[in-house]
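To start, the structure itself, in structure tokens.
All residue numbers refer to positions in the sequence shown, counting from 1. These numbers come from the heavy atoms of this one structure, side chains and all, not from hydrogens, waters or symmetry mates.
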Amino acid sequence: PSPVSFLAAVSCSDDHHCMAVGSAGAAGAIVSTTDGGATWTLKQVPTGAAAVTSVECITKHRCLALATDGMTYSTSLSTDGGATWARGGDLPAGMSAVESLACPSAQLCLVAGYSPTGPGRGSGTIATTTDGGSTWTAAVLPPGVGVLRGVTCAGTTCVAAGTSSTATTGFVPSSGQLLTSPDDGATWQLVSGSMAHDDAFAASCPNAKTCVVVGVDWVGKTQPIPTGSIVATTDGGAHWRSATLHYVPVGLDSVACPAV
């Protein structure tokens, strides 16, 4: 509905109830549906939000939103389906490009992004909360992790997707990277060899054994052209295989697998 100008993320707690977040000009925007997307209603926005970049709804009433005031990212919690929001904690200082939020439970949530290391450069960062967003802590990641763009969890297994590139301005073609955690994001390992494809943008795991990661293969050297790529695992990340795609002329930046 007007005046929403951009939507960044959507979360559905069931077949009928969904919430989408984004921006309306220079302010954040949140809309929700109770009829499976047939109609949408504007909801309240967390105070001071210049943009709402992600949302995760555990139930039709309880949703955690990720927002920024232009300087800092923070989370806000709604327990009434977006009618009101209570400000939670700030993400670790400097954490940027935070557009992926995963909540395996009401108390445990993870976000992925990067922390600046220099002009136009950054290293991957994952922040976790165990108190529903009141406080956030940066996880310890292995060395050599580039910009991260997505994170997802199933059971105690979590997967983060990104690129080995540390460039934060524009897209610099590079090899994709995958990180896995067997313990709710407490510890992380870089998948050996990572992806056989280029940049990874998002992941979805309908269960602890099955995950799908989507991203981009860059074709050409002088002016690389993006094409879609998909890799999947059915053994909890021990092995990854490339999917056979028919013509996909653009990169893929989102995936959702509610069930196998």
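Of the possible polar contacts, none joining the Ser242 side chain to the Val231 backbone as a donor-acceptor pair under 3.5 Å is found. Side chain of Ser11 to backbone of Met19: no donor-acceptor contact under 3.5 angstrom is found. Judged by distance alone, with hydrogens and angles left aside, the side-chain atoms of Ser5 form a donor-acceptor pair with the main-chain N or O of Gly25 at under 3.5 Å. When atom types are taken as modelled, the side chain of Ser100 and the backbone of Gly113 share no donor-acceptor pair closer than 3.5 angstrom. Side chain of Ser23 to backbone of Ala27: no donor-acceptor contact under 3.5 angstrom is found. Between the side chain of Trp188 and the backbone N or O of Ala139 there is no donor-acceptor pair closer than 3.5 Å. One N or O on the side chain of Ser78 and one on the backbone of Thr84 form a donor-acceptor pair closer than 3.5 Å. Judged by distance alone, the side chain of Ser123 and the main-chain N or O of Gly146 form no donor-acceptor pair under 3.5 Å. Side-chain atoms of Thr163 never come within 3.5 Å of backbone atoms of Gly176 as a donor-acceptor pair (strictly under, hydrogens ignored).
Applying the side chain to side chain contact (heavy atoms under 4.5 Å, CB included) rule to Thr156 yields the partners Asp184; only residues at least two apart in sequence or on another chain are considered. With sequence neighbours left out, the side chain to side chain contact (heavy atoms under 4.5 Å, CB included) criterion links Thr137 to no other residue. With sequence neighbours left out, the side-chain hydrogen bond (donor to acceptor under 3.5 Å, both in side chains) criterion links Ser96 to no other residue. Applying the salt bridge (Lys or Arg N to Asp or Glu O under 4.0 Å) test to Arg241 and every residue at least two apart in sequence or in another chain returns nothing. Under the rule for a salt bridge (Lys or Arg N to Asp or Glu O under 4.0 Å), the partners of Asp90 that lie at least two apart in sequence or sit in another chain are Arg87. In this structure, Thr47 has no side chain to side chain contact (heavy atoms under 4.5 Å, CB included) partners at least two apart in sequence or on a different chain. Legend: residues meeting side chain to side chain contact (heavy atoms under 4.5 Å, CB included) with Gln189, ordered by chain and number and at least two apart, are Thr180, Pro182, Thr187.
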Problem - Stepwise side chain to side chain contact (heavy atoms under 4.5 Å, CB included) test for Val145 and Gln177 - result: CA-CA 8 Å; Val145 176; Gln177 281 188 333; 3.9 Å; yes

Exercise for the section: Start with the C-alpha gap between Asp80 and His61, add the side-chain angles, then the distance that decides, and say whether side chain to side chain contact (heavy atoms under 4.5 Å, CB included) holds. Expected result: CA-CA 5 Å; Asp80 52 18; His61 300 298; 5.8 Å; no

Exercise for the section: Verify side chain to side chain donor-acceptor pair (under 3.5 Å) between Thr59 and Ser13, making sure each step is shown before the conclusion. Expected result: CA-CA 5 Å; Thr59 70; Ser13 58; over 6 Å; no

Exercise for the section: Tell me, with the steps shown, if Arg121 and Thr166 meet side chain to side chain contact (heavy atoms under 4.5 Å, CB included). Expected result: CA-CA 5 Å; Arg121 296 288 173 180; Thr166 60; 3.1 Å; yes

Practice task
Dump the intermediate steps for disulfide (SG to SG under 2.5 Å) on Cys205 and Cys257, then the final yes or no.
Solution key: CA-CA 7 Å; Cys205 300; Cys257 301; over 6 Å; no

Problem - Residue pair Ser175, Ser164: steps toward the side chain to side chain donor-acceptor pair (under 3.5 Å) verdict - result: CA-CA 6 Å; Ser175 59; Ser164 59; 2.9 Å; yes

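Residues Cys12 and Asp15 are not in side-chain contact: their nearest non-hydrogen atoms beyond the backbone lie 4.5 Å or more apart. Annotation: side chain of His16 is not in contact with side chain of Thr33 (no heavy-atom distance under 4.5 Å). Proximity of Val213 to Val255: side-chain heavy atoms (C-beta onward) are nowhere separated by under 4.5 Å. Taking 4.5 Å as the limit, some side-chain heavy atom of Leu252 sits within range of a side-chain heavy atom of Ile230. When side chains are defined from C-beta on, Leu42 counts as touching Val4, because their heavy atoms get closer than 4.5 Å. Residues Trp218 and Pro226 have side chains in contact (heavy-atom distance under 4.5 Å, counting atoms from C-beta outward). Looking at heavy atoms from C-beta onward, Ile126 lies in side-chain contact with Leu148 at the 4.5 angstrom threshold.
Under 3.5 Å, the side chains of Thr41 and Ser32 contain no donor-acceptor pair of N or O atoms. No side-chain donor from either of Arg62 and Thr79 sits under 3.5 Å from a side-chain acceptor of the other.
Both Leu141 and Leu190 belong to a common hydrophobic cluster when Ile, Leu, Val, Met, Phe, Trp and Tyr are linked at side-chain heavy-atom distances under 4.5 angstrom. The hydrophobic cluster containing Val219 does not contain Leu245, counting ILVMFWY residues as joined when their side-chain heavy atoms lie under 4.5 angstrom apart, directly or transitively. In the hydrophobic clustering of this structure, Trp85 groups with Val45; members are Ile, Leu, Val, Met, Phe, Trp, Tyr whose side-chain heavy atoms approach within less than 4.5 Å, directly or through other members.
When hydrophobic residues (I, L, V, M, F, W, Y) are linked wherever their side-chain heavy atoms come within less than 4.5 Å, Val260 remains an isolated member. Apart from Ile225 itself, the hydrophobic cluster it occupies contains nothing, where clustering links Ile, Leu, Val, Met, Phe, Trp and Tyr at side-chain heavy-atom distances under 4.5 Å. Under a 4.5 Å side-chain heavy-atom criterion applied to ILVMFWY residues, the cluster that includes Phe6 comprises that residue alone. By the 4.5 Å side-chain criterion applied to Ile, Leu, Val, Met, Phe, Trp and Tyr, Leu64 is assigned to a cluster that also includes Leu66, Tyr73, Leu77, Leu91, Met95, Val98, Leu101, Val111, Trp136.
Taking OG of Ser74 as the reference point, atom CG of Asp69 lies at 7.0 Å (rounded to 0.5 Å).
Under the 2.5 Å SG-SG cutoff, Cys158 and Cys153 qualify as a close cysteine pair. Per the SG-SG cut-off, Cys57 and Cys63 are bridged by a disulfide [distance under 2.5 Å].
Around CG of Asp14, the count of heavy atoms belonging to other residues, nucleotides or ligands within 6.0 Å exceeds 12.
Across every non-hydrogen atom of Ala24 and Ala29, the tightest pair is N-CB, 3.9 Å. Across Trp240 and Val191, no two heavy atoms sit closer than the pair NE1-CG1, 4.0 Å. Nearest approach of Ala65 to Val52, heavy atoms of both residues: CB-CG1, 4.1 Å.
Within the structure, disulfide bond (SG atoms under 2.5 Å apart) pairs that include any residue of residues 79-140 comprise Cys103-Cys109 (at least two apart or interchain).
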